Amino acid sequence: MPTPEIRQVEDAEQLSTAAAEECSRIMRVAIGRQGRCTFVLSGGSTPRRLYELLAAPPQRDQIDWTRVDLFWGDERAVPPDHKDSNFRMANEALLQPLSIPATRIHRMPAERADRDRAAADYQAEIARVFDVPADGVPPAFDLVLLGLGPDGHTASLFPRTAALNETRRWVVPNHVPQLGTDRLTMTRVILNRAACIMFLVAGADKAAALAEVLEGPAESERLPAQLIRPETGRLVWLMDGAAAARLKTSTGTVVSYAQ
Ligand code: 6PG
């Protein structure tokens, strides 16, 4: 895995601004190089401001959004208009303001009762977009956004849940006993193939988990974000001062990412 890039900014607004500038640059390069960008959105609350900035000048006008394929790294088992839906948040902040074409929106259907089938169908959708076999080597997304939970989870890869041990499927259902909920989530099998994975971490409630993930021993069952180790792509950790407060090393240097 290439050396992680650790970048600290002052506060959550600067985090969103820095993320928007970097995401915009990555998308423009991908579109220039291959005619499109495949972009995996994160859920939760942190990325909402980033999505709003991407949907507003100047970023909005610097990207040909008709060439961006949007996916989700995970989704809650709720309808797409539910208040907890990751799709709904992105739809309000990004998809509708930019009038993203429906053909470019690849929603994760986690509301379906048969979540195994839904996961397999989403994997088939990913394979179709990349024009690769759905049972072959996972394709490489150009950009994957991820968040970090206070418990060290990312996407819907929660501590000590079954999805952590998946070694074959790109997308799986995952029951989260800690929350008493069910999710669909991409697994490390496909996430780690990405050309760039960007973690957005803001707030003091993430400081302990962030320090353990970046500087603590390898304990991925307890800290699933440690599973995210791109094979050849960039790993970017963008954090605000509050989230970085417990880091021992000054950011910008290479921390010993758990081996
Ligand atoms: C989800 C996300 C999840 C999120 C973290 C951080 O569906 O909840 O995919 O992994 O990124 O829980 O969430 P916040 O940004 O709300 O702190």
Side-chain angles (χ1 to χ4, degrees), residues 9 11-13 15-16 18-20 23 39-54 70-80 82-94 106-111 115 118-119 122 141 143-161 163-164 171-188 190-192 194 197-210 212-214 220 222-228 235-245:
V9 294
D11 56 29
E13 181 63 17
L15 181 77
S16 301
C23 288
F39 184 4
V40 178
L41 299 178
S42 172
S45 56
T46 303
R48 177 186 283 272
R49 182 63 181 141
L50 162 60
Y51 299 162
E52 291 170 350
L53 291 173
L54 288 173
L70 295 168
F71 302 82
W72 278 257
D74 71 318
E75 185 55 276
R76 291 83 180 275
V78 296
H82 190 281
K83 65 178 175 59
D84 293 341
S85 164
N86 289 335
F87 171 83
R88 173 174 164 177
M89 185 272 279
N91 194 35
E92 291 169 350
L94 188 72
H106 311 288
R107 186 179 71 82
M108 197 177 252
E111 76 280 7
R115 269 185 289 283
Y122 199 63
F141 290 109
L143 176 57
V144 173
L145 281 183
L146 290 173
L148 180 71
D151 60 354
H153 83 264
T154 191
S156 283
L157 302 170
F158 283 82
R160 289 175 287 282
T161 57
L164 304 189
V171 185
V172 294
N174 199 30
H175 178 66
V176 186
Q178 302 91 312
L179 302 177
T181 57
D182 287 289
R183 303 281 185 99
L184 281 192
T185 187
M186 285 186 187
T187 65
R188 59 174 158 170
I190 193 165
L191 291 169
N192 285 339
I197 299 174
M198 183 185 295
F199 276 94
L200 288 189
V201 190
D205 64 325
K206 309 294 178 69
L210 183 60
E212 286 207 271
V213 166
L214 288 182
S220 58
R222 187 172 69 85
L223 299 164
Q226 289 182 337
L227 292 172
I228 305 305
L235 178 57
V236 180
W237 285 88
L238 261 178
M239 59 196 70
D240 69 358

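Treat the numbers as computed from the prediction; the structure is a model and nothing was measured. Start at 1 and go down the list; that is how both ligands and their atoms are numbered.
With N86 contributing its side chain and D74 its backbone, the two residues share a donor-acceptor pair below 3.5 Å. With hydrogens and angles disregarded, a donor-acceptor distance shorter than 3.5 Å links the side chain of S16 to the backbone of A12.
Between E92 and R48 there is a salt bridge, since at least one side-chain N of the basic residue sits less than 4.0 Å from a carboxylate O of the acidic one.
Remark: R49 engages E13, E52 in a side-chain hydrogen bond (donor to acceptor under 3.5 Å, both in side chains) (not counting sequence neighbours).
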(message) With side chain to side chain contact (heavy atoms under 4.5 Å, CB included) as the criterion, how do I228 and N192 come out once you've worked through the C-alpha distance, each side chain's angles and the decisive distance to 0.1 Å?
(response) CA-CA 6 Å; I228 305 305; N192 285 339; 3.8 Å; yes
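In terms of heavy atoms, Y122 sits closest to P109 at CD1-CD, 3.9 Å.
Listed as neighbours of ligand 1 are S42, G43, G44, S45, T46, D74, R76, N86, G147, L148, H153, T154, A155, R183, K206, each bearing a heavy atom under 4.0 Å from the ligand.
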